[in-house]
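Everything on this sheet refers to the single structure shown next.
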Amino acid sequence: MGALIGAERLSVTLEAQPVLTDVSLSVQPGEIVTILGPNGSGKSTLLRALLGIVPASGGRVTQRPGLVVGYVPQRLAVDRTMPMTVRRFLSLPRRVGDAEAAAALIRVGLPEVAGRQMADLSGGQFQRVLLARALLSEPDILILDEPTQGLDQPGEAAFYRLIEEVRRETGVAVLMVSHDLHVVMAASDRVICLNGHICCEGTPRVVSTAPEYRALFGLGTQGALALYQHVHDHSHDGGHDHAYHDHHHHDHDHHHA
Amino acid sequence: MPITIITTTTMITTMLDDFLIRAALAGVGLSLATGPLGSFVVWRRMAYFGDATSHAAILGVALALATDLPVTFGTLVVALAMAFIVATLAARGWAMDTTLGVLAHSALAFGLVAVSFVPGARTDLSAWLFGDILAVTRGDLALVWGGAAVVLGLLVWRWQALLTSTLNEDLAHASGLNPARERLVLTLALAVVVAVAIKVVGALLIAAMLIIPAAAARGLARTPEAMAAIAVVIGAGSAIAGLQLSLWQDTPAGPSIIAAAAVLFALSAMFGRVGRR
């Protein structure tokens with residue numbers, strides 16, 4: 001089984017600024033890979049380069065021939081000026097049948113929103129509809145760019161549980177980006193720490209003890225690392241009680257170069 | 001049967017002799033294109049883009065008159081050039097409202113200055129600015145319907161791709177579409193509409209014909225398709241109502257059409273709330 005998508009010594013320069021340097025990674029079928037990095041570390045740029053939206057200035061991006069990507073963008077503003085029901089949105093750009101659309105909505109736990117306007121959905125519902133649309137193309141890999149932005153912690157945990165379920169059922173690979181340490185890492189097979197280049201890489205447990213990771217996130221003493229440990233040491237199926245914890249690492253700067 | 005056909009043909013021929021019928025048909029034909037295209041202008045927040053392109057058309061009129069080329073050709077070329085300049089600057093990240101404001105008004109000013117150099121064109125100026133729908137000939141009618149058909153065909157053909165890239169360009173890209181190509185389709189469609197509409201509603205009112213019916217349709221629609229279709233109906237209704245007003249009260253036809261559209265917009269804004277539920 002070859003890699004679905006990957007980068008070989010990829011470098012990206014935007015407006016004469018090097019954003020990514022010498023990044024190599026690959027995603028195997030069925031794998032959940034999380035790219036973790038502080039704001040401005042080039043996470044979104046890496047995804048956009050892998051999708052072919054941003055050109056590489058060095059190295060190259062590889063995709064398995066015929067690869068189907070289900071993409072969930074970081075933010076999708078459905079403007080109030082455009083009327084758009086959930087049902088209609090699911091048919092973009094490929095038209096899908098009613099039964100297919102209904103099944104996708106049931107899959108993401110939203111059986112009754114088909115007739116609702118996209119702009120009227122809550123943040124969590126919106127992300128689930130984006131996921132449903134991505135799943136309708138029967139993708140080999142889901143690419144998610146900070147999919148839980150703007151969700152509260154229970155919503156975030158629920159969304160990641162949904163991703164895990166979908167992976168278990170369909171075997172889809174998942175490549176996602178996050179700056180949120182604890183919840184994501186628990187759900188991932190592999191974590192890649194990015195800060196313009198790859199700082200460290202491995203299973204969540206290995207990465208969380210790596211000195212590069214500690215240096216990158218400054219977690220030597222308190223904070224998110226403790227939270228992460230807390231989450232990881234518990235079982236993952238029940239309702240998480242994150243909502244009661246302080247949430248240190250949520251500096252929301254959404255504009256990655 | 002042949003008799004019926006001849007009768008029908010004669011009827012149509014006689015009907016087209018009436019300048020009011022021709023004017024109404026021109027307005028309806030134009031609405032077929034401006035409804036869906038105007039919806040994209042509203043969704044993409046390109047209102048000023050329509051202004052810049054249509055104002056540039058005055059420059060096209062001047063150049064066409066000076067060089068004895070067909071006016072439609074001149075406006076099409078200049079509108080296209082303007083659309084491409086704007087699209088290029090937008091892609092380079094210029095501050096769009098300012099840039100478009102500068103371009104729209106400069107294009108109009110340069111156009112008006114250029115027209116003043118063309119002997120004999122001065123008297124016609126208001127016709128180009130405000131249109132002269134009552135003077136529409138059969139040839140103009142063919143041009144309007146032909147142009148509208150081309151634009152409508154283009155939009156229907158690219159509809160799914162256009163909608164997807166209007167929602168989110170990265171999403172379109174990930175689905176294997178090319179958002180730059182879809183932008184080009186809209187740019188092209190806009191230039192064609194401006195070129196065929198300038199005689200009907202004039203350079204100053206083309207943008208209004210694009211935006212007002214689409215904006216009025218927003219509150220009445222639940223899907224993009226419904227909004228585009230309702231915009232066509234509102235545009236056509238405004239054309240007919242405006243011509244009626246013009247006939248009764250001897251008001252200028254082009255502005256009357258836009259005034260009718262504005263009234264429909266106000267009504268829709270007050271009573272139409274379908275999309276909010």
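Residue numbers start from 1 in every chain, and the chains themselves are labelled A, B, ... in the order their sequence lines are given, proteins ahead of strands.
For CD of A:E169, the number of neighbouring non-hydrogen atoms (other residues, nucleotides, ligands) closer than 6.0 Å is greater than 12. Residue A:R9 places its CZ atom among 12 or fewer non-hydrogen atoms of other residues, nucleotides or ligands, all under 6.0 Å distant.
Scanning for salt bridge (charged side-chain N to carboxylate O under 4.0 Å, His left out) contacts around A:E138 gives an empty result, with sequence neighbours left out.
Scanning all heavy atoms of the two residues, the minimum distance from B:M227 to A:P83 falls at SD-CD, 3.3 Å.
Two residues are said to be in side-chain contact when any heavy atoms from C-beta on lie closer than 4.5 Å; A:F89 and B:P224 fail this criterion. Between A:R133 and B:S175 the shortest side-chain heavy-atom distance falls below 4.5 Å.
Taking chain A as the reference chain and counting heavy-atom pairs below 4.5 Å, the highest number among B:N168, B:D170, B:T223 is found for B:D170. Note: B:L163 leads B:T166, B:L177, B:L163 in heavy-atom pairs under 4.5 Å with chain A. Chosen from A:I143, A:L47, A:T81, the residue pairing most often with chain B at heavy-atom distances under 4.5 Å is A:T81. Of the listed residues (A:M82, A:M84, A:R87), the one with the most heavy-atom contacts under 4.5 Å to chain B is A:M82.
Looking at B:E169, neither its backbone nor its side chain comes within 4.5 Å of chain A, counting heavy atoms on both sides.
Note that the NE2 atom of B:H173 and the CZ atom of A:R48 stand 9.0 Å from one another [nearest 0.5 Å].
Formation of a donor-acceptor pair under 3.5 Å by the B:Q160 side chain with backbone atoms of A:L92 is not found in this model.
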